[in-house]
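Note that the numbering runs from 1 along the sequence shown for the chain. Just follow the structure's listing: the first ligand is 1, and inside any ligand the first atom is 1. What's counted below: heavy atoms across the whole structure, side chains too, no hydrogens, waters or symmetry copies.
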Amino acid sequence: MLIDNHNRVINYVRLAVTDRCNLRCNYCMPEEGITFAKRDHLMSIDEMKRLADILVNKGVDKIRITGGEPFVRKDLMKLLEYLSGLEGLREISITTNATLIGPHIDRLEELGIHSINVSMDAIRPETFARITRRDHFKTVRENLMRLIDSKMEVRVNFLVLEGQNLDDIYPMMDFQRQYPVRVRFMEEMPFNGGSRDFINLKWNHKKILEHIKSRYPEFEKLPAPLTSTSVNYKIEGHKGSFGIIPSFSRTFCGSCNRLRVTATGDVITCLYGKPVTNLRTLLRSGLEDAYVEEAIVQAVGSRVRDGFEAQEQFGPIFGSSMTSIGG
Ligand code: SAM
Ligand code: SF4
């Protein structure tokens, strides 16, 4: 089992399979993109399979596939086929922009993929196009509806962006009233791959909730596991539910059970920190699994307590983009 130096069990890994993406969401990447990793610096599917074996052996029972956009990686399904047969792995989930998932939905369902998080920060085509700088709304909406009809659990991640999509919040609430989907409103974080000033967040979790309350005053808080990053609510008569993720306020760090591995094999033990070791180089070095395992144990054994301590220790993280980190 992986236990960190603050006695937290680490059983959840977010594995980025690429840093490339077919969208250019303006809160994540500059229009021209970022300096993407060299192709041979991205882990191969075989390296990721080996890494998954090592992690599951150490007690990891949940892996979330993320990116960049996971489905721009043509060989992604090979990894998912492998993971779905891995004993001990209780939950496989994917975070995606849902532009390219269409041809794979049936197979994902057959493989028993547990949940799909669709990042969709707008429910109106014009807002969507403005934020993502691409015209894929129709495809995303169609794929989202197919996912909702599948056996997989579907969540919509909606980043609240001041001056950009506030008018889409109530229509998104309306969406969860009509369909059995969990919509999670998220605070923006300063990972945009650029140098946009970001010190104070106006639309924090309290303000988002107040805004929703002024339209829907009655809701009940749903029970959630201690490790949940979202606080979830249900409105009577609504088919879905909604939640808020205080990603920038970081109220959930105390129970953090996660580790991030980037597409190039960097290990990030706190979203607000910096990579602490690189597993790709170890996986390619010819060393046995035990050495890779030891590097992971060491990384987990020297984690910061929370995102604030990480920011103090590692300095500003404003230049990084979520497409490299994996969200
Ligand atoms: N491309 C996939 C997607 O968009 O779902 C997966 C990768 S994306 C980097 C993962 C998550 O990071 C998305 O839900 C996105 O909203 C979130 N994200 C990206 N930049 C962010 C930022 N500056 N603040 C908060 N969340 C961000
Ligand atoms: Fe791509 Fe996801 Fe970043 Fe949008 S948030 S640019 S879809 S990686």
Side-chain angles (χ1 to χ4, degrees), residues 14-34 36-37 42 63-73 76 93-101 104 115-122 127-137 139-140 143-144 147 154-165 168 172 182-199 201-205 208 229-230 243-250 252 258 260-263 268 271-272 307 316-327:
R14 295 179 68 99
L15 176 63
V17 294
T18 181
D19 60 350
R20 274 77 165 160
C21 187
N22 58 335
L23 301 187
R24 287 288 178 274
C25 303
N26 61 19
Y27 53 80
C28 177
M29 264 203 268
E31 173 121 51
E32 64 281 10
I34 56 161
F36 295 106
L42 298 178
I63 293 184
R64 172 171 297 282
I65 301 298
T66 176
E69 172 47 37
F71 289 93
V72 300
R73 191 142 180 173
L76 175 67
S93 41
I94 306 172
T95 299
T96 173
N97 63 30
T99 52
L100 305 166
I101 198 173
H104 307 293
S115 69
I116 310 279
N117 285 6
V118 174
S119 304
M120 195 179 175
D121 316 297
T127 325
F128 183 89
R130 215 178 326 113
I131 293 174
T132 62
R133 302 189 181 110
R134 296 289 185 274
D135 183 21
H136 289 306
F137 180 80
T139 312
V140 170
N143 286 338
L144 176 61
L147 287 166
V154 187
R155 302 177 196 149
V156 170
N157 287 350
F158 180 110
L159 205 53
V160 177
L161 302 159
E162 195 182 349
Q164 297 206 64
N165 60 0
D168 283 55
M172 194 49 110
R182 290 171 62 182
V183 173
R184 287 116 47 93
F185 296 97
M186 314 194 311
E187 291 177 351
E188 189 182 2
M189 290 181 276
F191 301 96
N192 51 40
S195 56
R196 189 147 48 104
D197 280 347
F198 197 113
I199 307 293
L201 180 72
K202 187 166 158 209
W203 280 82
N204 63 17
H205 62 113
I208 299 170
T229 52
S230 59
I244 298 180
I245 306 189
S247 342
F248 191 63
S249 304
R250 286 162 266 179
F252 45 66
R258 62 191 60 190
R260 290 177 164 79
V261 181
T262 71
I268 298 179
L271 181 54
Y272 287 82
I317 26 83
F318 297 88
S320 319
S321 163
M322 278 293 197
T323 196
S324 310
I325 306 168

| field | Closest heavy-atom pair and its distance - Gly327, Arg260 | value | O-NE, 2.9 Å
| message | Geometry only, no angles: is Ser119 polar-contacting ligand 1 at N/O separations under 3.5 Å? | response | yes
| note | heavy-atom search around atom 3 (Fe) of ligand 2 in the protein gives Cys28 SG, 2.4 Å
| request: State whether the shortest distance between N or O atoms of Glu187 and N or O atoms of ligand 1 falls below 3.5 angstrom. | output: no
| query | Are any of the N or O atoms of Glu69 closer than 3.5 Å to those of ligand 1? | reply | yes
| message | With heavy-atom distances below 4.5 Å as the criterion, would you say the side chains of Asn97 and Val140 are in contact? | response | no
| Got an N/O contact under 3.5 Å between Thr96 and ligand 1? | yes
| query | Relative to the heavy atoms of Glu188, which atoms of ligand 1 are at a distance of less than 4.0 Å? | reply | 24 (N)
| note | min-distance protein heavy atom vs atom 16 (O) of ligand 1 -> Tyr27 OH, 3.5 Å
| field | Heavy-atom nearest option to atom 1 (N) of ligand 1, drawn from Gly326, Gly68, Cys21, Gly67 | value | Gly68
| Tyr27 side, atom OH; Glu188 side, atom CD - distance, nearest 0.5 Å | 9.0 Å
| request: Check whether NZ of the Lys or CZ of the Arg Arg250 lies under 6.0 Å from the centre of the six-membered ring of Phe248 and within 45 degrees of that ring's axis. | output: yes
| request: Tell me which part of Cys25 gets within contact of ligand 2: side chain, backbone, both or neither, using heavy atoms under 4.0 Å. | output: both
| query | How about Thr95 and Ser119: do any of their side-chain heavy atoms sit closer than 4.5 Å? | reply | yes
| Considering only the protein, which heavy-atom contact is closest to atom 11 (C) of ligand 1, and what is its distance? | Gly327 CA, 4.0 Å
| task | To the nearest 0.5 Å, tell me how far Glu69 CD sits from Thr323 OG1. | result | 9.0 Å
| task | Check whether any side-chain heavy atom of Met186 lies under 4.5 Å from a side-chain heavy atom of Ser230, and answer yes or no. | result | no
| query | By number and element, which atoms of ligand 1 are closer than 4.0 Å to a non-hydrogen atom of Thr66? | reply | 6 (C), 7 (C)
| Quick one: does Arg24's side chain get under 4.5 Å of Glu31's, heavy atoms only? | no
| With a cut-off of 4.0 Å, which atoms of ligand 1 are near a heavy atom of Phe191? | 20 (N), 22 (C), 23 (N)
| Do Asp121 and Gln164 have side-chain atoms, one donor and one acceptor, less than 3.5 Å apart? | no
| field | Closest candidate by heavy atom, reference atom 18 (N) of ligand 1, pool Arg14, Met186, Arg64, Met322 | value | Met322
| task | Taking the side chain as every heavy atom from C-beta outward, state whether His104 and Leu76 have any atom pair closer than 4.5 Å. | result | no
| request: Using a strict 4.0 Å cut-off to heavy atoms of Asn97, name the atoms of ligand 1 that fall inside it. | output: 2 (C), 3 (C), 5 (O)
| query | Where the closest heavy atom to atom 24 (N) of ligand 1 is concerned, which of Met189, Arg20, Arg184 has it? | reply | Met189
| said: For a distance under 2.8 Å, tell me if Cys21 has an N/O/S atom near atom 3 (Fe) of ligand 2. | reply: no
